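Down below is the structure, laid out as structure tokens.
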Amino acid sequence: MTTTLPVTGRHTPTPALNPRRWVGLAVLCASLLIVVMDMTILNVALPSISEQLRPGSVQLLWIVDIYPLVVAGLLVTASGIADRFGRKRMLMVGFAVFGLASTLVLIADNAAALIAIRALLGVGGALIMPSTLSMIRNLFTDGKERAVALGIWGSMAAVGSGLGPIAGGALLTHFSWHSAFLVNVPIMAVALVAAYFLLPESKGAVVRWDALGTGLSIVGMVALMLAIKNFGKHGMADPAALVSAAVAAIALGWFVRRSLNRPDPILDIRLLKRRGLSAGLIAALTTSIATAAMMLLLAQWMQLVEGMSALEAGVHLLPVAIAAGILSPLAPAIAARIGTRTVMAGGLLMSATGFLVLFFAPAPLTYPFLAVSMLFVGVGMSSLAIGSAAVMASSPAERSGNAAALEETSFELGAALGVAILGSVAALVYRNGLSTGELAASGVTGESAEAARESLGGAIAVAEQAGASGLADVARESFTTSLQVTGIAGGVLMLVGAVTVWLLTPKDLSVTGAH
């Protein structure tokens, strides 16, 4: 709805401000917070789940992987449906699905049932994530307010990632692993009611339904995620990974060609021609690649090297969330003073500094240096709020759902690539530091030696069985080295990302303008 100001001469319609926009933002931020927390709580709950449900190694991987696979596969489809039938309606359906799936955990008595529940949670997450971002684009018609709103929204993502392990650790201290899921139920119920009364409905461009395009996007994204994960776990020659990569290339190539040839595609690929939008996507992708691997390795280092509990590790990981949570809402004001391009590229440069601190820290590695490293990374992550604002500001309002889907896909792909690529680098360094000769000298050979070289947890278990405390110390030292090498790899990646974003972002791009 627009109002025309009663002035003489030439004028343009001024969008009316929604009186419930800030309350609506609170609802959207709360939903994002719980979805992000749910991603990290599982990591803390896995040991208890493994003990009770006794999943096989393949089932355990699927419990972890099925959620991001479903989310990535459905993001494009979910954003298209939301644009067509209403973002508020789609968001509420997402809340209901997420809450229902969390309730079903009460009847999950085997690994297969839990995998199915995680898949259903992925459906709910895919319906929620792009709708929150696109609704902010439409709730806040004033550019300055929208930038601030996106900064607050971004801080919720950072806070959720930090609170997830702490909340999970606290729940599991007093309750069973079911509590990690059941905590979602009352929150989603409140969010559903609040969304109904407080959020306005909005729709995007009306497009014809493209069943083939929808199928291609789902098949292509799921196959791509599977390929990335299998390459990371089993190497470049893995047959399953090669087949998945081929399917992804065919499906996504066909999807892109179909989208470019249709006047009303479900995903407007032409948006990528907008330099500000592409710069925001690159910032999201590179940050997600580096931080996903770093946070996973740091959590293991704190628990298996330093001997912290899951709850203690969650608390010690807070510097990232604290820095990003505090600075994200301030990022628009900083960008208004020094420029959008400077903030986006500078944020990546700050994150690169954090990774390099991890690499250049003196031996033996201690937590204070990790805290400094995480603070730098958190400061850098706060600039992602400006990246999101650049993505939204560079897309027309009727295509905000498409823009949101592209950004969320960048985060999902980045997380998968980070674990696969940087995780593989860390695994290679760890294995090289734990040679078969050293293991044999400790009396560890055969399958036990392979288990020790597979993971630090395996090495500690083997060392305890063999009574070889020296082996555990060597394994911990090798893992620490792998963590630091990942630091230099992540730092170089962030530096490349910073240069790319600087060159790609228009010098005069403003995320606080009127439109």
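Computed from a predicted model, the values in this text were never measured in an experiment.
Crowding of Y367 atom OH: a count of heavy atoms from other residues, nucleotides or ligands under 6.0 Å exceeding 12.
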**OP:** In sequence, state the C-alpha distance, the side-chain angles, and the governing distance for L139 and W22, and then conclude on side-chain contact (heavy atoms from CB on, under 4.5 Å).
**Re:** CA-CA 9 Å; L139 268 175; W22 294 108; over 6 Å; no
**OP:** Take T214 and I81 through the side-chain contact (heavy atoms from CB on, under 4.5 Å) test and state the conclusion after the steps.
**Re:** CA-CA 10 Å; T214 298; I81 296 174; over 6 Å; no
Subject >> From CA spacing to verdict: side-chain contact (heavy atoms from CB on, under 4.5 Å), F411, T287 >> reply: CA-CA 8 Å; F411 279 117; T287 300; 5.6 Å; no
Subject >> Steps toward side-chain contact (heavy atoms from CB on, under 4.5 Å) verdict (L91, L28) >> reply: CA-CA 9 Å; L91 187 67; L28 297 175; 3.5 Å; yes
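Taking CG of L106 as the start and CZ of F181 as the end, the distance is 11.0 Å to the nearest 0.5 Å. Atoms CD1 and CG, from I66 and L121 in turn, are 11.0 Å apart once rounded to the nearest 0.5 Å. Atoms OG and CG, from S244 and L224 in turn, are 9.5 Å apart once rounded to the nearest 0.5 Å. Between atom CG of residue L348 and atom CG of residue L384 there is a gap of 7.5 Å, rounded to the nearest 0.5 Å. Annotation: the span from L406 atom CG to L75 atom CG amounts to 10.0 Å, rounded to 0.5 Å. A distance of 10.0 Å separates CG of L493 from OG1 of T291, quoted to the nearest 0.5 Å.
Using a distance-only test at 3.5 Å, with no hydrogens or angles considered, no donor-acceptor pair links the side chain of E407 to the main chain of A284.
Using a 4.5 Å heavy-atom threshold, the side chains of L192 and F98 count as separate. Side-chain contact check for M350 versus M494: every heavy-atom pair is 4.5 Å or farther apart. Residues I289 and I421 have side chains not in contact (no heavy-atom distance under 4.5 Å, counting atoms from C-beta outward). The shortest side-chain heavy-atom distance between S217 and T77 falls under the 4.5 Å cut-off. The shortest distance between side-chain heavy atoms of Q300 and L483 does not fall below 4.5 Å. Residues M308 and H316 form a side-chain contact, since some pair of their non-hydrogen atoms from C-beta on lies under 4.5 Å apart. I117 places none of its side-chain heavy atoms less than 4.5 Å from the side chain of L120. When side chains are defined from C-beta on, L127 does not count as touching F95, because their heavy atoms never get closer than 4.5 Å.
Partner of V357 under the side chain to side chain contact (heavy atoms under 4.5 Å, CB included) criterion, out of L370, V372, L375, V377: V372 alone.
Remark: E145 engages R21 in a salt bridge, criterion side-chain N to carboxylate O under 4.0 Å.
Between the side chains of W301 and E306, no donor N or O sits under 3.5 Å from an acceptor N or O.
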